[in-house]
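Report on the following structure.
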Amino acid sequence: MRTLLQKDYKSSGLIAFRILAVIVLAEASLMAGFWLFGINSSTLAAGVSDTLILGVVSSLVIYSWVIRPLRRAKQQNELFNLLVNHTDAGMIVTDPDKQHAITYINPAYSRMTGYAEADLAGEHLLDLQKYDPDAGVYAHMLDALDKGRSLRALLRHYRKDGSSFWGDLQLNPITGRDGVVQRWVWLINDVSEQRELARQNARWARAMQQADESVCVFDEQYRIEFANAAFCEHVGMIEADLAGADIRQFFAMDTDGESESMIEAIELKFGWSGRNCFRRADGTTYQALTSMTPIEQEDDTQAFVVVHRDITAMVAMEEQLRQAQKMEAIGMLVGGIAHDFNNVLAGILGNLYLVRKRLHGRPELQARIERVEQQGYGAAGMVRQLLSFARKGTPEVKVIDLVPFLKELIKFAHVSVPESILLDSRIEVERLLIRCDPVQLQQSLLNLIVNATHAVHDKGEGGGMGKIELVLDVAEPPVSALTDGQHGSWARISVHDNGIGMDDETRERMFDPFFTTKASTIGTGLGLTMVQGYVEMLHGLIQVASEPGRGTAITLWLPVAIEAYEADAQKEVTLRRGSGELLLLADDDHVVLDALSEILEGANYRVLSASSGEEALSLFARYEGQLDMAILDVVMPSGTGIEVARQMRSRQHGLPVVFMTGYDRQNALITDDSGRMMLRKPWNIGQLNHVLECSLSAEDHPRREAM
């Protein structure tokens, strides 16, 4: 190994020949000098002088040509051994003539791999290290060995115990004077930790670049140093344009002062987190949840990392949640009022019916009573409308005549339409029956009229006289809108306005929940969604035609009812006469209880009255097996109607039970059998007849079978 790294001197024979030639030449020169100066060279003095001069010349030549180079080579050799033995890089020397047999390894390689020099003497390095022949770098290494050129590569190396590490390999050839490679020197640095660190850095870089959150790094002068793909997408700029840009141009100064607060934190070199508003390159803004962290850089300067997420959709959902909670609170309030108010109306209307029955021969008083009853039923309809608005009511589907219904609707809508807007109707039929819930249909049409009013108002005075028209006729809907199974006649209800109209984008989203073009204090985005849902529930169709600046026409097609029975469900009828059937009536409102008891007793029914669940069960136990029917209020003290019915049916299976309620606040009926009949307060004679007929005329009635 040492001979490979010493200076390339001539062979030892050539050096000896040169020394001999110098000595001979020196001797010849002395002899010539003696002769020239006439000195007898055979004398003792001449011999001593000759010997001394030759000794000095020989010593000088040997020192210069032998001793001095050897001393320098020894120093270089010692320095080389010192470097090789104390370097951290592993070194291997191989002989290319012996299939790269190992001729030398340094201590660093032994420490790195666990091999001693004796373990590797004569071993072939390529076989020992088990390099992957399929790796591209292995092919480059073989090519370098074949062509005798240097190579630097990253290769996996193996220790004595079989474990592996990543090594930075520097392969260098050692050539002779003839240019032939005599040895190969393999320098290996263990870079496993550096490679793992680089992999982790690359992993973090990819994670930061591909994260959904926007990440931006900027310095103390607010200059952007890095921005990931999400940040670029959010602000609408490419990374090349963002480099060096001022981050403050993307801070929107919101009304809450959050962006100013974040800038103050930057000036103070503090961290910051919270909600703020960001501005895009096109000037639009979005809400963000932001976290900012100060970091120390290598040059001791300060930088800041900002991570934020677009929460515009989440903010909108929060607004929707608050609106839903507000509606829920309103619903609870309306439900409580409806329950008590319907009880009051039931008592009033029941007693009015009894008074009217006793006013024979007094038609003027009967007419007044009838008008009061109409007002009472009108009040009940208003309660149902409130419940429908609060999503607490149960649809009451019946057949109505659209002609008088829409005429009354127009009168009612005039109150909410400004005098500057003309509200008109055009009804082109005399009678048109449909099956629907009048309250929900009324609310749906009022929603359309209110939207039309806003559209006309937004157009302003420059748009001419505002006009809204409601049209009713019979027409066939577009064939393309019909589905299989839809046929028959259709009622067409159209609401036209000459307001601002809608563009294509607004028209496509107008039925989306919570989508609105109005201010948050005016619209919730639920009105048209309710209209669409109700029309679809009636198996109807809805169509919209609109142009910006030219107004909007929304058309509803509703199936015409084929049934030919009377549309007015509140028309006076005679109560079904009984045959002495025994009925159990339970209600905690004594006015309602007394009125309904007297009405039923006047129609030849026997009535047992109870004002609580406990009292009802006591009467049932006394008359068990004799009852023909039970009418139970849902909400009562000492046991609800549901609990009372469950106990009675367990002992007298098949007993007809009718539940009576003003509003089921606790949703108690949800847990009961789905086939239960309901008598909703305030009831009318037609509804009473219906439940009596269904309960007492059934073929499987237990008392009928016993008769």
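The basis for the numbers below is simple: all heavy atoms, side chains too, and nothing from hydrogens, waters or symmetry mates. If you're wondering where the values come from, they're calculated on a predicted model, not measured in any experiment. Numbers for residues simply follow the sequence, beginning at 1.
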(request) Kindly compute the distance separating CD1 (Ile500) from CZ (Arg550), expressed to the nearest 0.5 Å. (result) 15.5 Å
(request) Applying side-chain hydrogen bond (donor to acceptor under 3.5 Å, both in side chains), name anything that partners Arg279, two or more places apart in sequence or on another chain. (result) none
(request) Give the C-alpha distance, both sets of side-chain angles, the deciding distance and a yes or no for side chain to side chain contact (heavy atoms under 4.5 Å, CB included) between Arg280 and Thr285. (result) CA-CA 6 Å; Arg280 300 184 180 90; Thr285 60; 5.7 Å; no
(message) Within the 4.5 Å heavy-atom criterion, are Arg223 and Asp246 side-chain neighbours or not?
(response) no
(request) Mind listing the closest non-hydrogen atom pair of Ile188 and Met112 along with its distance? (result) O-CE, 3.5 Å
(message) Please evaluate residues Arg275 and Val315 with respect to the criterion side chain to side chain contact (heavy atoms under 4.5 Å, CB included), reporting the C-alpha separation (whole Å), side-chain torsions for both, the decisive distance (0.1 Å), and the verdict.
(response) CA-CA 10 Å; Arg275 288 186 180 183; Val315 172; 4.1 Å; yes
(request) Could you check if a side-chain atom of Glu193 sits within less than 4.5 angstrom of a side-chain atom of Leu197, using non-hydrogen atoms only? (result) no
(request) Give a yes or no on whether a salt bridge exists between Arg152 and Asp168, defined as a side-chain N under 4.0 angstrom from a carboxylate O. (result) yes
(request) Mind checking side-chain contact (heavy atoms from CB on, under 4.5 Å) for Leu242 and listing every partner two or more places apart, or none if nothing turns up? (result) Ile224, Ala227, Phe231, Cys232, Val235, Met237, Phe250
(message) For a 4.5 angstrom cut-off between non-hydrogen side-chain atoms, does His454 reach Val456?
(response) no
(message) Applying side chain to side chain contact (heavy atoms under 4.5 Å, CB included) to Ile642 and Phe659, what does each step give before you reach the verdict?
(response) CA-CA 8 Å; Ile642 301 296; Phe659 292 114; 3.5 Å; yes
(message) Can you tell whether the side chains of Asp190 and Arg195 come within less than 4.0 Å, N to carboxylate O?
(response) no
(message) Quick check for you: to the nearest 0.5 Å, what is the distance between Thr301 atom OG1 and Gln221 atom CD?
(response) 8.5 Å
(request) Answer yes or no: are there more than 12 heavy-atom neighbours, outside Met314 itself, under 6.0 Å from its atom CE? (result) yes
(message) Contact between Ile468 and Val495 at the side-chain level, heavy atoms closer than 4.5 Å - yes or no?
(response) yes
(request) Measure the spacing between CD1 of Ile263 and CD of Glu260 and express it to the nearest 0.5 Å. (result) 6.5 Å
(message) I need the Asp504 CG to Glu547 CD distance, nearest 0.5 Å.
(response) 9.5 Å
(message) I need the minimum non-hydrogen distance between Leu441 and Cys436, along with the two atoms involved.
(response) CD2-SG, 3.8 Å
(request) State, with a plain yes or no, whether a side-chain heavy atom of Val544 is found less than 4.5 Å away from one of Met502. (result) yes
(request) Mind listing the closest non-hydrogen atom pair of Glu213 and Asn228 along with its distance? (result) O-ND2, 3.0 Å
(message) Are the side chains of Leu154 and Leu169 in contact, using a 4.5 Å heavy-atom criterion?
(response) no
(request) Would you check if Arg206 and Gln209 make a side-chain contact, meaning some heavy-atom pair closer than 4.5 Å? (result) no
(request) Answer yes or no: is there a donor N or O on one side and an acceptor on the other, between the side chain of Asn498 and the main chain of Lys467, under 3.5 Å? (result) yes
(request) Could you please spell out the steps behind the side chain to side chain contact (heavy atoms under 4.5 Å, CB included) verdict for Met292 and Phe304? (result) CA-CA 7 Å; Met292 183 184 69; Phe304 298 87; 4.2 Å; yes
(message) If you compare all heavy atoms of Ile410 against all heavy atoms of Ser425, which two are closest, and at what distance to 0.1 Å?
(response) CG1-CB, 3.9 Å
(request) First locate atom CG of Leu446, then atom CG of Asn451, and finally report the distance between them rounded to the nearest 0.5 Å. (result) 11.0 Å
(request) Answer yes or no on whether Arg248 is positioned over the face of Tyr222, meaning its NZ or CZ is under 6.0 Å from the six-membered ring centre and within 45° of the axis. (result) yes
(message) Checking Ser291 against Ser273: is there a side-chain donor and acceptor pair closer than 3.5 Å?
(response) no
(message) Does any part of the side chain of Leu556, heavy atoms only, come nearer than 4.5 Å to the side chain of Leu541, both counted from C-beta?
(response) no
(message) If we ignore hydrogens and angles and just use 3.5 Å, is the side chain of Thr293 paired with the main-chain N or O of Gly271 as donor and acceptor?
(response) no
(request) Let me know which of Ile311, Val306, Val307 forms a side chain to side chain contact (heavy atoms under 4.5 Å, CB included) with Thr290. (result) Val306
(message) For a quick test of reading the model, state the closest non-hydrogen atom pair linking Ala252 to Ser259 and the distance between them.
(response) O-OG, 2.8 Å
(message) Looking at Glu643 and Arg646, is there a salt bridge between them, counting it only when a charged N and a carboxylate O are closer than 4.0 Å?
(response) no
(message) Take a 6.0 Å sphere around CG of Asp88 and say whether it holds more than 12 heavy atoms from other residues, nucleotides or ligands.
(response) no
(request) Calculate, to the nearest 0.5 Å, the distance between atoms CG and OG1 belonging to Asp497 and Thr453 respectively. (result) 8.5 Å
(message) For the residue pair Arg159 / Thr113, report whether a side-chain donor-acceptor contact shorter than 3.5 Å exists.
(response) no
(message) If I compare all heavy atoms of Ile493 with all of Leu472, which pair ends up nearest, and what's the gap?
(response) CG1-CD1, 3.8 Å
(message) Just checking Glu196: does its CD atom have more than 12 heavy atoms from other residues, nucleotides or ligands closer to it than 6.0 angstrom?
(response) yes
(request) Kindly state each residue pair satisfying ring pair (Phe, Tyr, Trp, His ring centres under 6.0 Å) with at least one member in residues 264-295, sequence neighbours excluded. (result) His234-Tyr286, Phe251-Phe278, Phe278-Tyr286, Phe278-His308, Tyr286-His308
(request) For Asp310 and Thr312, indicate whether the former's side chain and the latter's backbone hold a donor-acceptor pair under 3.5 Å. (result) yes
